[in-house]
Structures are given as structure tokens and as C-alpha cells.
Chemist: 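Let me give you the structure first, and then I'll get to my questions.
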Amino acid sequence: MEKVRVRFAPSPTGYLHIGGLRTVLFNYLFAKHYNGDFILRIEDTDRSRYVEGAFEDIKESIKWLGITWDEGPDAGGDKGPYFQSERLDFYKKYAERLVNEGTAYKCFCTSERIQEIKEKQKASKEQIRYDKHCRNFSKDEVAKNEAADLPYVIRFKVSEEGQTKFEDYLRDEVVFENAQLDDFIILKTDGFPTYHLASVVDDHLMEITHVLRGEEWISSTPKHVLLYNALSFKMPEFVHLPVILSSKGGKLSKRDGATQVREFMEKGYLAEAMTNFLVLLGWSLDGSTSMFTMQELEKVFTLEQIGKNSPVFDIEKLNDYNGKYIREKSVKELADLCYPYMLDAGIVKDDTEGTRIYFESIMELLKERLVLLSDVVESAKCFFIDKIDYEDGSMLIPKKTSPDQVKSVFKLSLEKLEHLEDFSVENLENSLRKLIDELGLKAGQIFMALRITVTGSKVSPGLFETMSVLGKQRCMARIKDALAVLE
RNA sequence: GUCCCCAUCGUCUAGCGGUUAGGACAUCGCCCUCUCAAGGCGGGAACAGGGGUUCAAUUCCCCUUGGGGAUACCA
């Protein structure tokens with residue numbers, strides 16, 4: 001088997017979409033599985049849609065998963081350049097060759113004229129397509145237009161009969177009637193190629209063996225096939241990956257929440273979770289294995305197990321993965337990952353060793369409870385703030401408990417804690433449980449009152465663990481504060 | 001409208017003619033328990049419909065329906 005060479009060819013017209021990242025993953029895994037090359041090529045042939053920063057974002061998003069490209073921007077390679085805007089001569093050469101051979105022609109129609117016929121066709125409910133006005137110009141007519149310096153595009157001359165077919169790896173033969181195809185443009189007025197020409201020429205020149213791309217390309221593949229044949233290029237294997245759908249129907253869009261890779265990074269999704277989630281969107285090993293490392297995936301990933309139905313993006317599942325991978329991290333790793341969120345939120349101001357150590361002890365408690373790294377801000381806040389707002393104090397009184405009972409518990413707790421030298425989880429639990437026994441109260445209620453006192457929330461890690469981490473000073477101060485509010 | 005693709009629990013999927021149709025997420029119940037998680041145990045939940053082919057169809061073929069995609073001098 002010849003060496004596998006695949007490419008991911010994004011256009012820098014926006015930040016990388018989550019669906020694009022999946023395409024990257026599939027390409028990469030396929031290449032690595034067969035010891036092949038993964039190439040990154042930038043399809044910047046639409047100057048009007050260029051978005052500043054998109055190129056950087058695409059690179060960063062890919063690298064986030066730990067994926068690198070063997071050839072492409074920054075990596076180099078002997079099939080470059082890897083920006084299509086720097087390869088204009090190639091496209092021009094091939095376009096002209098097609099014109100000379102009579103399989104393409106110059107079209108001098110103005111966009112106004114095209115617009116006009118389109119509207120007419122729309123009104124009479126005809127198929128919308130080019131009317132082939134310039135298709136059969138005589139040499140003289142063409143020469144006259146050229147002499148007049150009229151701007152032109154180059155169109156591919158599609159046969160009016162017959163069919164164009166190709167093999168798609170996932171769905172066998174796909175057939176299109178040529179009559180359905182338009183005389184599509186391959187070179188624009190500005191001398192830039194359209195996607196069709198550019199990708200075919202580049203895939204050939206870069207010796208791409210397999211084209212793994214989104215399913216939305218199926219309907220333009222016959223155009224590519226026509227080009228491959230006209231240019232006598234060897235056809236790559238086509239693998240059209242089903243697109244990721246929204247749970248609300250249709251393509252994944254902003255209305256579904258995050259769609260850009262960047263947003264997931266910022267919210268604190270782990271690359272491991274994203275990789276796992278994404279690879280299982282349309283691929284499965286055996287229907288039961290659900291956690292893979294990148295290395296394992298490289299070993300087991302093959303095309304045979306790719307499904308052909310469009311999967312729905314299920315954020316719940318991604319969240320589940322994220323929680324699982326968070327729990328697999330060491331406390332140290334997790335603390336490093338979470339600390340920037342604390343800094344960003346302004347909850348911790350410094351990055352001293354002391355704060356770090358304190359933060360790690362907090363992470364020990366939060367580890368089991370985080371879904372997103374960014375959740376740390378809300379959960380860890382109470383460990384850093386100076387005062388907790390108890391409002392009018394009513395939040396401190398659990399159901400079926402009187403204010404007096406709470407007050408006496410607080411007072412007695414203070415006494416007990418005062419004498420507690422070692423604020424260990426064990427000591428805290430022993431002494432507080434003993435206190436409740438002595439008073440003949442229900443543990444749940446009292447612990448809840450203390451929890452709210454100490455954390456300001458009804459939800460927290462274990463009370464004794466939390467108090468132990470907070471330390472004697474803070475706990476006592478907060479109970480005193482709470483007591484003051486109740487008095 | 002036209003063309004193309006797809007079709008197993010709510011979701012991701014296993015299944016590649018004969019299975020009590022399996023797993024995961026979500027959901028529900030129970031256990032653990034100071035709340036919330038995590039964890040453990042258990043429950044409900046699917047072959048879109050109709051024709052064929054076959055001794056036998058979830059599985060192969062056709063139609064219908066449903067969903068998706070494409071219809072640009074965008075990729």
C-alpha cells in the first residue's frame with residue numbers, strides 16, 4: 001500500500017468549529033494508524049471572507065488535542081507552499097491548460113447578467129444555473145473580448161449528457177446526472193481559484209491519497225471527479241464524514257451553545273474528554289469501549305468502523321467525560337489547571353506557594369465535584385472570601401429547628417472548637433457529633449446550619465473536610481459572625 | 001422545487017440472516033450519606049411504516065415517510 005497522506009484544509013474565515021476539529025481528529029488518527037502523513041493546508045482563496053486571527057485559532061485548536069501536522073504552516077514540507085494564496089500560479093496554469101484543451105472556457109458574463117438570469121429562473125421555477133452564454137463563443141469572439149480587456153472567469157465545460165460517478169468509501173457508488181451539474185467556475189475574475197480547482201490541484205500535487213471531509217461535500221464531488229479526469233490526475237479515495245447535528249435539528253449552530261473549539265477550551269473542557277467524545281461521534285471500536293488515550297486510538301482507529309449516519313451533539317455526554325477525566329487527574333495537576341480560572345475571576349490575587357498549597361487542599365475536596373474546570377470559581381470562592389453574607393440570618397435556621405437551638409449550638413461549638421488544637425477531619429467530626437448527642441439534636445439539621453455558616457451555601461464538600469481545610473481561624477470567625485447576625 | 005446522503009432505546013452506538021436485540025450518556029428507584037457530588041445495585045426505554053427475497057429478516061432489495069446536506073466569482 002502506498003503511503004497514506006491526508007490533509008485538513010480549513011479556510012481562515014472563522015474560528016475552528018467543533019465539527020472541523022472532529023474532521024482533524026479522524027484525518028490524523030487515520031494517518032497515524034497507517035504511519036502516514038497528516039498535512040495542514042490553508043484554503044485562503046476567498047479574500048473577502050478572511051477573518052483576522054482565524055488562522056492562529058485553527059492552529060491552536062488543533063494543537064489543543066495534542067495533534068501536530070507533518071507538513072504545513074510552521075512545519076514546512078517539500079510540497080509547499082501550504083497557503084493556497086501562494087499557489088496561484090499552479091491554479092492558473094491548470095486552468096489555462098483546460099481552456100486550451102477545450103474542457104473549460106472563458107466566461108465574460110457580468111455578475112449583473114448572472115444575477116438577472118438567476119432571478120428569471122427563480123420566477124419561472126426553473127433550475128438555477130448558468131445559461132452557458134459564453135460556452136460556445138468562437139475564437140474571434142473570445143479574442144475580441146480579450147482585446148477589450150473584459151474581465152472573465154473560467155468555467156468548466158460539463159457534458160450535457162451522461163453521468164458522473166464516484167466511489168465513496170462509506171457508501172459505495174454515488175451517481176450524478178451531468179445534466180444536473182452547472183458549468184461551474186474554476187477560476188474567478190480576480191485570478192483566484194474556487195475551492196473545486198484549488199483542492200483538486202493541491203490534493204494531486206501534494207499526493208493526497210485519501211480525502212476525509214464533511215458530508216456537505218458530496219454534492220460537489222462530481223465536479224472534482226470531472227476535474228480529476230480532465231486533468232488526468234489519479235483520484236484519491238473519498239471518505240465523506242457525516243456532519244454533526246444539533247439536538248434541535250439541523251446543523252450545530254450558536255443556538256446550541258458553544259460551537260467553536262475556543263469556547264470549549266475556555267470553559268474548561270479537557271482535551272482528553274474532547275478527544276474521546278469527538279471520536280465516538282461517528283466511530284466506535286466495539287460499541288462498549290468508551291475511554292481511549294490518543295495512543296490507543298492511533299492503534300485501533302480504522303475507517304471500517306466509521307458510521308454513516310449523522311450524530312447529534314450531546315453536551316451531557318461531553319460533560320460526563322469531562323468529569324471522569326477531571327477525577328483521573330492528580331490534585332496537583334488539577335490545581336494547576338484550575339488556578340488560572342481563580343486568577344481570572346480575581347478570587348485569588350497572588351500566586352505564592354502558600355496560596356498554592358492551600359488551593360491544592362481545596363482541590364482535594366472539589367475534585368469529585370467538578371464538571372468543568374471553570375466550575376472551580378463558584379465552588380472554591382468560599383475558601384477565599386473574607387466575610388460571608390448571611391443576609392437576615394434566616395438562611396442559617398434549618399427546618400424543624402428553632403433559632404435558639406441554632407444559637408446554642410453555635411455557642412457550644414465555639415467552645416469546643418476553641419479547645420481543639422488539631423483541626424483534623426477526625427477531631428472535628430468527633431467533637432461536633434458528641435456535641436449534637438449531648439444536645440439531643442438531629443445531626444443533619446445542625447450540620448446544615450454549620451455548613452451554611454462556614455461556606456455560605458447549602459451545597460458543599462463534606463462539612464468536616466471543609467472546616468479542616470478552612471482552618472480554625474476562619475471557621476471560628478464565621479461562626480461568630482453568624483451568631484452576631486442571629487442575636 | 002431539483003439532486004444527493006442517511007434511518008436500532010431520548011442521545012452516541014454494537015449487531016454485518018437464526019441474539020432473552022448488548023453497552024454508554026441521560027432518566028427513574030434503591031444503597032451509601034452531614035448537603036452536593038462520586039461510587040454501588042436495579043428498572044423503564046429502540047429495530048419508522050409497507051411491500052418483496054428467504055425455511056428464517058433489525059440485518060438483503062424496492063417504495064413511502066422522516067431527518068440531513070447541496071443547489072455562490074464561499075469554503
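Note that these values count all heavy atoms, side chains included, but never hydrogens, waters or copies made by symmetry. Here is the naming used below: chain letters follow the sequence lines, and residue numbers restart at 1 for every chain.
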Chemist: From the set B:rA38, B:rC36, B:rA75, return the single nucleotide nearest to any side-chain atom of A:Arg369.
Modeler: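 Of the options given, the side chain of A:Arg369 lies nearest B:rC36.
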Chemist: Of the nucleotides B:rC5, B:rC34, B:rC25, which one has an atom closest to the side chain of A:Glu316?
Modeler: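 The answer is B:rC25.
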Chemist: Determine whether a donor-acceptor pair (N or O, by modelled atom type, separation under 3.5 Å) exists between the side chain of A:Thr275 and the backbone of A:Ala271.
Modeler: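 Yes.
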Chemist: Between B:rC32 and B:rA38, how far apart are the C1' atoms? Round to whole Å, please.
Modeler: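 About 11 Å, rounded to a whole number of Å.
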Chemist: Determine which nucleotide pairs with B:rG29, using a 3.5 Å limit on both distances of a Watson-Crick or G-U wobble pair.
Modeler: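 Here B:rG29 is engaged in a pair, and the nucleotide opposite it is B:rC41.
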Chemist: P atom, B:rC60 versus B:rA7: distance in rounded Å?
Modeler: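 The answer is 9 Å between these two P atoms.
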Chemist: What interatomic distance, in whole Å, is found between P of B:rG51 and the corresponding atom of B:rU59?
Modeler: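 Straight-line distance between the two P atoms is 14 Å.
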Chemist: Checking salt bridge (Lys or Arg N to Asp or Glu O under 4.0 Å) against A:Asp183, which of A:Arg135, A:Arg155, A:Lys157 comes through?
Modeler: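 When salt bridge (Lys or Arg N to Asp or Glu O under 4.0 Å) is applied between A:Asp183 and each of A:Arg135, A:Arg155, A:Lys157, only A:Arg135 qualifies.
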Chemist: Let's test your reading of the model: under 3.5 Å, does the base of B:rC12 pair with the side chain of A:Lys317 as donor and acceptor?
Modeler: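 It does, because a donor-acceptor pair links the side chain of A:Lys317 to the base of B:rC12 below 3.5 Å.
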Chemist: Could you let me know what B:rC3 is paired to, Watson-Crick or G-U wobble, both distances under 3.5 Å, or none if it's on its own?
Modeler: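 The base-pairing partner of B:rC3, which may sit in any strand shown, is B:rG69.
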Chemist: Could you check how far CG of A:Leu396 sits from P of B:rC34, rounded to whole Å?
Modeler: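 Roughly 21 Å, once rounded to whole Å.
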Chemist: Under the salt bridge (Lys or Arg N to Asp or Glu O under 4.0 Å) definition, can you give me all pairs with a residue in residues 437-454 of chain A, not counting sequence neighbours?
Modeler: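 Counting only pairs at least two positions apart or across chains, the salt bridge (Lys or Arg N to Asp or Glu O under 4.0 Å) contacts touching residues 437-454 of chain A are A:Lys416-A:Glu438.
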Chemist: Below 3.5 Å, does any donor atom in the side chain of A:Thr194 face an acceptor in the base of B:rC73, or the other way round?
Modeler: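 No, the side chain and the base share no sub-3.5 Å donor-acceptor pair.
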Chemist: Keeping to residues at least two apart or across chains, list the ring-ring contact (aromatic ring centres under 6.0 Å, His included) pairs with something in residues 173-201 of chain A.
Modeler: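 Residue pairs with at least one partner in residues 173-201 of chain A: A:Phe156-A:Phe184, A:Phe184-A:His196, A:Tyr195-A:Trp217, A:Tyr195-A:His224, A:His196-A:His224.
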Chemist: With respect to the phosphate group of B:rA38, does any side-chain polar atom (N or O) of A:Lys324 fall under 4.0 Å of OP1 or OP2?
Modeler: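 Checking A:Lys324 against B:rA38: no side-chain N or O falls below 4.0 Å of OP1 or OP2.
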Chemist: Can you say whether a donor on the side chain of A:Arg171 sits under 3.5 Å from an acceptor on the base of B:rC5, or the other way round?
Modeler: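 Checked by distance alone, the answer is no.
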